[in-house]
There are 2 protein chains.
Amino acid sequence: MAKQAFTNTREEILGLSVSLFAARGFDGVSMRDIAQGVGVAPAGLYHYFSDKEQLCLDAVGYAFKEKVEPLTFFLNGAGDPWGRLEAFITQLTRMLAKEKDFRRLIQWVLLDSNEQRLQSLADRVFRDLFNALRNLAGEVAPGHDPQPLVISMIGLVIYPFETQAVRRFLPGYQLQHEDPKAIARHVVALLRNGLGEANEEK
Amino acid sequence: MAKQAFTNTREEILGLSVSLFAARGFDGVSMRDIAQGVGVAPAGLYHYFSDKEQLCLDAVGYAFKEKVEPLTFFLNGAGDPWGRLEAFITQLTRMLAKEKDFRRLIQWVLLDSNEQRLQSLADRVFRDLFNALRNLAGEVAPGHDPQPLVISMIGLVIYPFETQAVRRFLPGYQLQHEDPKAIARHVVALLRNGLGEANEEK
DNA sequence: GTCTATAATCCGATAGAC
DNA sequence: GTCTATCGGATTATAGAC
């Protein structure tokens, strides 16, 4: 979102591509759009990237490395498992609230990819974070199957952001529903106790 | 997915449009694709729909009315709230597992719509179901803010389906993770008790 | 590295016959 | 209602000069 100072043309192209692909998807962005945004001729892009597909993949990898890698720190600690999980969820909601482009880019790429691209993303982009979270899930809830649990955790965190744009138009909406800290608190409380006791009311 | 017998050309166009837009999104499908699929000339589509945008909106409304309206029955009953919620979640997972096109179409339209289209969808397509679920959430958990709770419920149910294609390539994957009954059981158990006790192991 | 120019294709939509 | 024919424009990507 914010304007950045890029060290070179290639990274400037990648940074703008992240914003544009996040906003309008692969087919919604033309090489002309990207070229105009960085102030080069369309043909200039092909000096750095073999084609549009490669530019898109590189943009996703660039964004993921920049935004997600710092979060693995919170997962791999050694302290109390619930404390690490809570810290991770708090940091993840904070990042997703701040990096709207990143969240939309991942959403786009998960929806608009064939099997081959999904396999490549799973192996080269998602795997490490997923494994770290799966190990932590195993510590927090030893009796549960870890894969569905990880999906539930990520879904609980991401879905409020995915639905943000349409929730505004649905009944009962309040501005505080966008607050990342409130979202994190809600998710952690739900994971800890379910709805049994209304223990997060205030 | 399955071949259907349509009563007229208009519904045949809508049915095929649902499949195509679900598979490749708005920009990924051309009017030529749709026309060829139903066996008419491209110009013929404009007899039934003013433009591509209207065809897409009508296809979403058509799919939602067909697939979701039957589910409101389970929400509006009068019996035990938890029982109604469990029945609704079970039916919703069953529908989402069966109607893959429908799930992808909603995902596409939520991601690839401007504010105006989202407002129109919220008012004319999502509102009734959302309200019914919100009322039930209020009964089940009187102490909680109902909007975030509804989002958590839907997210818990939908996210396993949204991530189905990529989960196959991630560690710990098992075929039973696709079983709608298992997903429903997992979600209900999580909502009831959180992860406190490993009470869904078997 | 970056440009101009352009090839080759595809797109949404319309006009008008039948 | 459905067709043929086509307009005007956008698209990815390449060729070749500088």
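These figures come from a predicted structure and were not determined experimentally. A note on names: the letters A, B, ... follow the listed sequences, proteins ahead of strands, and every chain is numbered from 1.
- Shown here are the side chain to side chain contact (heavy atoms under 4.5 Å, CB included) partners of A:Ser17, two or more places apart in sequence or in another chain: A:Ile13, A:Phe21, A:Ile34, A:Leu55, A:Ala59.
- Between the P atom of D:dA13 and the CD atom of A:Gln54 lies a distance of 11 Å, rounded to the nearest Å.
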With pairs defined as Watson-Crick or G-U wobble and both distances under 3.5 angstrom, please note down DNA chain D as a dot-bracket string, | for pairing with another strand.
||||||||||||||||||
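- Partners of A:Asp128 under the side chain to side chain contact (heavy atoms under 4.5 Å, CB included) rule, at least two apart in sequence or in another chain, do not exist in this structure.
- Listed by residue number, B:Val29, B:Ser30, B:Met31, B:Arg32 are the residues of residues 27-36 of chain B with a heavy-atom contact under 4.0 Å to DNA chain C.
- Taking the side chain to side chain contact (heavy atoms under 4.5 Å, CB included) definition, one finds that B:Glu115 meets it with A:Arg168, A:Phe169, sequence neighbours left out.
- Not counting sequence neighbours, the partners of A:Arg103 by the side chain to side chain donor-acceptor pair (under 3.5 Å) test are A:Gln107.
- The side chain to side chain contact (heavy atoms under 4.5 Å, CB included) test applied to B:Val40 returns B:Ala35, B:Val38, B:Leu45, not counting sequence neighbours.
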Under 3.5 Å between N/O atoms: give me all the protein pairs with nucleotides 1-5 of chain D, atom names plus distance.
residue	atom	partner	partner atom	Å
D:dT2	OP2	B:Tyr48	OH	2.5
D:dC3	OP2	B:Ala41	N	2.4

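- Atom CG in B:Leu45 sits about 14 Å away from atom C1' in C:dT14, given to the nearest Å.
- With sequence neighbours excluded, no residue satisfies side chain to side chain donor-acceptor pair (under 3.5 Å) with B:Arg32.
- The ring pair (Phe, Tyr, Trp, His ring centres under 6.0 Å) test applied to B:Phe102 returns B:Phe64, not counting sequence neighbours.
- The closest side-chain donor-acceptor pair between A:Gln147 and B:Gln174, if any, does not fall under 3.5 angstrom.
- D:dT11 atom C1' lies 15 Å from atom CG of A:Leu55, rounded to whole Å.
- Remark: A:Thr93 pairs with no residue by the side chain to side chain donor-acceptor pair (under 3.5 Å) rule, at least two apart or across chains.
- A:Asp145 meets the side chain to side chain donor-acceptor pair (under 3.5 Å) test with B:His177; sequence neighbours excluded.
- Between the C1' atom of C:dA13 and the OH atom of B:Tyr46 lies a distance of 5 Å, rounded to the nearest Å.
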